[in-house]
Amino acid sequence: MGNLAVIYLLFMYIGVTFNLAGVMSIAIATTYTVDTAVVGYVFSLFSVGYSLAIFVNGFLLERAAFKMLLYASFLITFAGIVTATLAAGIEMFAAAIFAAGVGLGVLCSSGNYYIVRSCYNKERTAKLNILNFFYSFGAIVSPVAAGQLLKSGLSWQQIYLLSLTCLAPIILLAVAAKFEKALCHTEEESNPSDPWHAGVYLVGAALFCYVASEMILAYWIVVYLVEGLGMPVVSASISLSLFWGFMAIGRLLSGMAAARIPVSYLIMACSLASFLVFAWMLTIQDPYMVIVLVAVLGLTYSGLYASILSYGTMQIRHASSTLMTFFVTVGSIGGILSFLTSSYLKQHYNIASALMLSMAAVGLVCVFIGIAAAVNRYWRKKYT
């Protein structure tokens, strides 16, 4: 349980750090005298670093000591965030944000790897939902706290430095933990014989779309409420905390639901509901009603990420680090393109068009998982 506590706290910290950008993008843009779309482009470098780290770490996890990878990620994350707060120009800030993304990417892939390779078997979906519940918990606190701290007079640089204090107790717990003894390294798992069929790639496409949708919504919803609907930033930041608050509640419920209904049905129901609620949200102009619907989206989105990831590992009989790395990397690439495409749409059209892209992406999740479920049934009949 001690090891799990470290992993859960790591994801809580990732949730805190990831969601500072959505609240502080306006303040960052003001500091460097650029449009918020430019800040969006900069944060795409964060996702690039995050994705590269996940890809490389997928190979390192089977070859390097687990704790050494954690120590390296702590150091890179710390250096990146501190450098970002000291950056004199947007270029240096971008480089520092890239480094912070690398550090957090190692933490993310390591956490998912630990859960999948710790012999939870049928409990995997529930454990992954709990893991992402802790991410949501960090994301609940982050936007409201950042909004209040900005209102009280703290700079965005000071808030980023303050976020590093969350990392100190996690490092201490990680030093005392013994991770390798809890990992299952069987010959069967290390050398899986199952070929990757079309269902694997369809689930990967669904994960790509989900991550893109979530990141566009989380990054732009506060800016949408402030610039599009005229709401004060402190009030608008509450929407993001409500989103992650309902996401956290939903992830606990999704863990229980996944034990009772097929995971594919759960994913399709949640993604279809998300699409419909999103469409409703974009048709209204009342900012407080928008906040209510953002909270509902938190609930409908909650069953998606961990369930898609778990469903992906079920496509073949033996989950491997290569398969896990594929899914997490594909998801993080969705994060990269979400910043680039949504920032382009915001810059050249309007912010509503960026959110429409998010709506379309979550709708495609339902389509891809439906096709993957059909492919999976065919594949199992053929080889059983």
Side-chain angles (χ1 to χ4, degrees), residues 15-43 136 138-156 158-160 163 213-249 274-302 338-339 342-359 362:
V16 168
T17 308
F18 243 100
N19 290 278
L20 288 175
V23 178
M24 300 198 299
S25 60
I26 296 174
I28 295 169
T30 301
T31 297
Y32 296 115
T33 321
V34 295
D35 188 79
T36 50
V38 175
V39 179
Y41 289 129
V42 168
F43 275 102
S136 302
I140 294 166
V141 176
S142 182
V144 167
Q148 291 296 330
L149 290 171
L150 285 171
K151 184 181 179 181
S152 69
L154 265 67
S155 66
W156 64 264
Q158 291 170 319
I159 295 171
Y160 262 122
S163 72
S213 179
E214 180 195 292
M215 293 191 74
I216 292 171
L217 177 60
Y219 184 78
W220 289 113
I221 189 60
V222 174
V223 181
Y224 175 71
L225 287 166
V226 173
E227 295 184 358
L229 302 181
M231 179 173 273
V233 67
V234 175
S235 301
S237 65
I238 293 172
S239 67
L240 200 50
S241 286
L242 284 173
F243 174 77
W244 290 112
F246 279 84
M247 178 85 83
I249 294 168
S274 297
F275 177 81
L276 295 174
V277 173
F278 216 134
W280 182 14
M281 185 188 78
L282 292 177
T283 62
I284 59 178
Q285 293 297 310
D286 181 354
Y288 294 98
M289 188 61 187
V290 169
I291 288 177
V292 171
L293 293 179
V294 169
V296 176
L297 281 174
L299 196 61
T300 57
Y301 270 52
S302 63
S338 71
F339 279 114
S342 63
S343 295
Y344 177 85
L345 289 171
K346 195 268 181 183
Q347 184 178 25
H348 294 279
Y349 298 96
N350 54 51
I351 196 167
S353 62
L355 291 175
M356 288 179 66
L357 178 63
S358 177
M359 178 188 72
V362 79

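This is a predicted model, so every value here is computed, not measured.
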Run the side chain to side chain contact (heavy atoms under 4.5 Å, CB included) test on M24 and V39 for me, step by step, so that the C-alpha distance in whole Å, both residues' side-chain angles and the decisive distance to 0.1 Å come before the verdict. CA-CA 10 Å; M24 300 198 299; V39 179; over 6 Å; no
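Atom OH of Y160 has more than 12 neighbouring heavy atoms from other residues, nucleotides or ligands inside a 6.0 Å radius.
Of all the heavy atoms in S142 and L20, the pair that sits closest is OG-CD2, 3.2 Å. Of all non-hydrogen atoms in L357 and S342, the two that sit nearest each other are CD2-N, 4.4 Å. In plain terms, the two heavy atoms of S302 and L299 that are nearest each other are OG-O, 2.5 Å. Here the closest non-hydrogen pair linking G138 and V16 is O-CG2, 3.5 Å. Shortest non-hydrogen contact noted between L150 and W156 is CD2-N, 4.2 Å. Residues E214 and W244 approach most closely at OE2-CH2, 3.3 Å, considering heavy atoms.
Under the 4.5 Å side-chain criterion, counting only non-hydrogen atoms from C-beta, L217 is not in contact with V362. Inter-residue side-chain proximity for Y224 and P287 is flagged as unmet; no heavy-atom pair is nearer than 4.5 Å. Using a 4.5 Å heavy-atom threshold, the side chains of F43 and I28 count as touching. Within the 4.5 Å cutoff, side-chain heavy atoms of F278 are placed close to those of L355. Side-chain contact between V296 and W280 is absent, with no heavy-atom pair separated by less than 4.5 Å.
Once rounded to the nearest 0.5 Å, the distance linking CD of E227 with CG of N350 reads 11.0 Å. Residue D286 holds its CG atom at 9.0 Å from CD1 of I291, rounded to the nearest 0.5 Å. The distance from atom OH of Y288 to atom CD1 of I238, rounded to the nearest 0.5 Å, is 8.5 Å. Annotation: the span from S235 atom OG to L229 atom CG amounts to 12.5 Å, rounded to 0.5 Å. To the nearest 0.5 Å, the span separating CG on L276 from CE on M359 amounts to 10.0 Å. Summarising the geometry, atom OG belonging to S358 is positioned 14.5 Å from atom OH belonging to Y219; distances are rounded to the nearest 0.5 Å.
Screening L242, I221, V277 against L297 for a side-chain contact (heavy atoms from CB on, under 4.5 Å) leaves a single residue, V277.
Partners of Y41 under the side-chain hydrogen bond (donor to acceptor under 3.5 Å, both in side chains) rule, at least two apart in sequence or in another chain, are Q347.
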